[in-house]
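Here's the structure, in structure tokens; my notes come after.
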Amino acid sequence: MTVALSLGSLRRQFPRTAAAFAQLPDGGDAALWHLLHLDLSYAQPREVRSMDAIRGGGELLGDFDVVLAGGGLSLLYAALLSARGLRVAVFDRRQIGCGHREWNISRRELAPLGASGLFSAAEVERLILMQYQTGICRFSGGPSYAVSGVLDCVVDAETLLHALRDRCVRQGVTLLPYRALSGYTHEADRLLVQVCSTEGPLRTQVLRTRLLLDGLGAVSPHARFDLCCPTVGGVMDDLTLGSGPHELDPKVGEILVTTDGVEEQRQHIWEGFPTVSATGDAVSTRRMTIYLFYYLRSDLLAQHGPLPLLNLYERYFATLSRYKRGPLTLVRPTYGYIPAYTRLRPMPSAPSDRVLLVGDAAGRHSPLTFCGFGAMIRSFLSIGEGVVRLLHDDRLDAESLSALWQEPPALKVLGGLTLMMSPPLFADGSEDPETVNELLNAAFATLHGMGEDTYRRFLQDDVDGPTFVRFMLGAAERHPQVYRKVLRYLSLSESVTWLFRLAQLHLERRSTEPSV
Ligand SMILES: Cc1cc2nc3c(=O)[nH]c(=O)nc-3n(C[C@H](O)[C@H](O)[C@H](O)COP(=O)(O)OP(=O)(O)OC[C@H]3O[C@@H](n4cnc5c(N)ncnc54)[C@H](O)[C@@H]3O)c2cc1C
């Protein structure tokens with residue numbers, strides 16, 4: 001595997017990306033380095049080192065009820081738990097509460113922010129930068145399928161994270177920026193967590209805690225995902241305004257769009273949400289947050305060649321004009337690996353007593369929509385209250401911690417659909433490039449036909465078992481090849497598990513139907 005290691009060679013290897021990044025204030029150097037680092041580290045084997053294996057201990061910084069590793073969106077937990085009177089510390093290898101992403105969500109899904117008491121209704125309202133009117137999904141060769149109330153609010157990520165950090169400061173949370181996790185060890189009824197500085201002179205420090213929350217995101221050493229969704233893009237300016245498919249209509253959000261078929265086992269999917277202009281204008285803005293992504297089994301990532309995100313960015317800039325028109329200036333790049341579990345293999349439980357994974361590190365969001373922000377907002381309150389209870393009862397064993405994750409039954413079968421959108425490589429090269437587009441057109445025509453409420457709920461991971469079975473039967477009627485795809489795209493054990501789960505959901509439906 002050849003890997004470019006200097007900025008010069010990165011620029012030569014990824015010329016379109018380098019040219020687009022060159023318009024950024026620092027010439028794009030930081031983003032190029034960060035992408036290289038992410039690409040090199042994501043595929044590395046992960047291990048958590050015990051402190052026995054780490055030389056020396058370090059200065060003891062204090063005793064806590066909860067230590068949160070990673071100060072990204074998981075800061076929600078630090079703010080909530082400290083508001084409930086717990087002693088909390090947060091450390092991050094970078095600054096705490098600095099995000100580089102844009103987040104879309106629906107207004108309804110933001111309710112837990114208010115219900116937690118962390119934000120007033122007016123504060124939640126101020127987090128919403130703009131809201132578009134209609135969402136659409138459109139796949140090559142098919143019509144647009146409209147839906148409202150899905151991912152239609154643009155959330156000001158920076159304001160949200162800063163508000164959480166300020167709240168943590170007010171509530172006495174110990175904030176430790178520029179500290180990376182070195183490892184931890186169990187000591188009687190506590191954990192000793194060791195961190196090392198990432199800026200200034202190298203030094204190690206130790207935090208003693210009853211519970212460690214791992215909010216380290218997709219790169220967490222605890223994380224063991226079987227699905228991933230490499231995603232690149234960012235805020236683009238100067239789009240051509242209009243109502244055609246290649247133009248920006250500020251009233252329309254594009255949730256899922258394909259312009260091409262499968263290439264090299266990848267079905268590329270666009271996502272484009274209007275966002276406010278530099279002056280805060282939402283009505284005639286020419287800005288859109290545009291992402292390109294594909295679904296993949298995590299274990300195939302390495303086989304797709306080195307530097308997947310950088311390669312995806314190169315494709316993004318090469319094919320952007322097939323999706324949208326205009327000079328298309330990059331204002332802010334956003335990218336990352338979004339992880340998930342198919343749920344067709346045993347889910348890992350909490351890694352050990354006194355350690356709980358949250359956010360992307362846990363990867364418990366839908367394996368179909370990969371909306372980690374939405375899933376975090378929906379779950380942090382119930383899981384946070386559960387943590388308070390378990391700490392009160394001193395029940396911090398792995399089993400009790402794992403049981404805090406409750407999820408709708410349909411999440412257990414959505415991963416099967418995702419696998420059907422990530423075609424394996426067939427030795428005879430026989431798969432039709434339009435295979436995924438045909439499946440998506442059949443699936444979305446069915447969803448659309450089931451009524452807007454069902455369609456909306458499906459895209460918000462809020463679909464119940466009986467509805468999911470109705471959807472599957474409807475899609476299979478339109479596209480009978482779906483049965484062949486299950487057997488071709490899923491392994492034998494995945495197919496058996498998936499069909500068994502579908503049967504369980506079907507029986508659930510039968511038992512809830514009124515008897516005649
Ligand atoms: C391009 C993109 C767009 C997205 N858009 C949406 C969207 O519109 N809607 C939606 O619902 N979801 C979206 N998501 C998903 C969402 O952004 C994530 O699910 C969410 O940000 C996860 O937050 P987190 O705090 O768990 O992880 P992260 O945001 O990854 O935070 C992890 C933190 O841990 C720190 N860290 C990592 N390793 C260490 C270490 N060893 N020591 C100390 N600190 C460490 C990092 O510095 C970071 O601050 C998107 C994701 C991407 C990549």
Side-chain angles (χ1 to χ4, degrees), residues 16-17 19-21 23-24 28 31 99-107 127-140 144-159 229-260 268-294 309 312-336 338 369-371 373-374 459:
R16 291 188 176 88
T17 310
F21 282 17
Q23 302 159 17
L24 301 172
H100 68 285
R101 287 169 190 164
E102 304 291 311
W103 284 318
N104 273 70
I105 193 167
S106 73
R107 191 173 287 267
L127 292 175
I128 301 174
L129 284 175
M130 76 175 277
Q131 182 170 9
Y132 63 75
Q133 285 170 17
T134 312
I136 57 131
C137 296
R138 186 177 63 241
F139 309 104
S140 184
S144 288
Y145 307 100
V147 64
S148 62
V150 175
L151 296 173
D152 56 344
C153 294
V154 183
V155 168
D156 185 344
E158 207 172 298
T159 304
C229 177
T231 306
V232 301
V235 178
M236 305 296 299
D237 208 352
D238 304 325
L239 276 85
T240 306
L241 289 175
S243 52
H246 299 299
E247 293 158 346
L248 162 64
D249 179 346
K251 296 190 291 311
V252 178
E254 305 194 351
I255 302 164
L256 296 170
V257 173
T258 60
T259 50
D260 298 281
H268 294 94
I269 304 179
W270 297 100
E271 193 172 31
F273 299 117
T275 188
V276 290
S277 71
T279 55
D281 175 19
V283 180
S284 55
T285 177
R286 296 180 61 196
R287 280 193 177 182
M288 203 175 197
T289 303
I290 301 179
Y291 295 127
L292 184 66
F293 64 87
Y294 56 89
L309 286 183
L312 186 58
Y313 251 130
E314 200 58 10
R315 182 189 172 93
Y316 177 92
F317 291 111
T319 59
L320 192 54
S321 60
R322 290 185 211 162
Y323 177 46
K324 291 291 167 196
R325 303 264 154 79
L328 297 167
T329 323
L330 176 69
V331 177
R332 190 165 53 251
T334 49
Y335 46 81
I338 316 179
T369 62
F370 284 74
C371 282
F373 171 64
L459 294 178

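Positions are given from 1 along the sequence. All heavy atoms count here, side chains included; hydrogens, waters and symmetry mates do not.
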From Ile255 CD1 over to Asn104 CG, what is the distance, rounded to the nearest 0.5 angstrom? 9.0 Å
Distance in Å, Tyr335 OH paired with Tyr291 OH, rounded so as to fall on 0.5 Å steps: 11.5 Å
Taking the side chain as every heavy atom from C-beta outward, state whether Val232 and Thr17 have any atom pair closer than 4.5 Å. no
Please name the pair of heavy atoms, one in Thr231 and one in Cys229, separated by the smallest distance, quoted to 0.1 Å. OG1-O, 3.0 Å
Glu254 side, atom CD; Leu248 side, atom CG - distance, nearest 0.5 Å: 8.5 Å
Below 4.5 Å, heavy atoms only, C-beta onward: do Leu256 and Phe139 meet side chain to side chain? yes
Side chains of Ser106 and Asp152 in contact at under 4.5 Å (non-hydrogen atoms): yes
Under the side chain to side chain contact (heavy atoms under 4.5 Å, CB included) criterion, do Asp260 and Arg315 qualify, and how do the steps go? CA-CA 12 Å; Asp260 298 281; Arg315 182 189 172 93; 3.7 Å; yes
Is any side-chain heavy atom of Glu271 less than 4.5 Å from a side-chain heavy atom of Leu151? yes
Side chains of Leu241 and Pro250 in contact at under 4.5 Å (non-hydrogen atoms): yes
Measure from the side-chain N and O atoms of His246 to the backbone N and O of Tyr323, and report whether any donor-acceptor pair falls under 3.5 Å. yes
How long is the gap from CH2 on Trp270 to OG1 on Thr259, to the nearest 0.5 Å? 6.5 Å
Give a yes or no answer on whether the side chain of Ser140 reaches the backbone of Thr258 with a donor-acceptor pair at less than 3.5 Å. no
Does CD belonging to Gln23 count more than 12 external heavy atoms closer than 6.0 Å? yes
Residue pairs involving residues 229-246 (criterion salt bridge (Lys or Arg N to Asp or Glu O under 4.0 Å); sequence neighbours excluded): Asp237-Arg287
Aromatic rings Phe317 and Tyr313: how do their planes relate, parallel, tilted or perpendicular, breaks at 30° and 60°? parallel
Contact check, side chains of Asp156 and Trp103, non-hydrogen atoms, under 4.5 Å: no
Between Thr289 and Val154, does a side chain to side chain contact (heavy atoms under 4.5 Å, CB included) hold up when you go through it step by step? CA-CA 10 Å; Thr289 303; Val154 183; 5.7 Å; no
Rounded to the nearest 0.5 Å, the CE atom of Met288 sits from the CG atom of Leu328 at a distance of 10.5 Å
Look only at the side chain of Thr279 and the backbone of Ser277, and say whether a donor-acceptor pair between them is shorter than 3.5 Å. no
Taking the side chain as everything from C-beta on, heavy atoms only, tell me whether Leu292 gets closer than 4.5 Å to Leu312. yes
Are Phe373 and Val155 side-chain neighbours, meaning at least one heavy-atom pair lies under 4.5 Å? yes
Using the side chain to side chain contact (heavy atoms under 4.5 Å, CB included) rule, pick out the option among Leu239, Thr334, Leu330, Thr275 that qualifies with Ile290. Leu239
What pair of heavy atoms forms the shortest contact from Gly374 to Ile105, and how long is it? CA-CD1, 3.7 Å
Scan residues 243-252 for pairs that pass salt bridge (Lys or Arg N to Asp or Glu O under 4.0 Å), counting only residues two or more places apart or in two chains. Asp249-Lys251
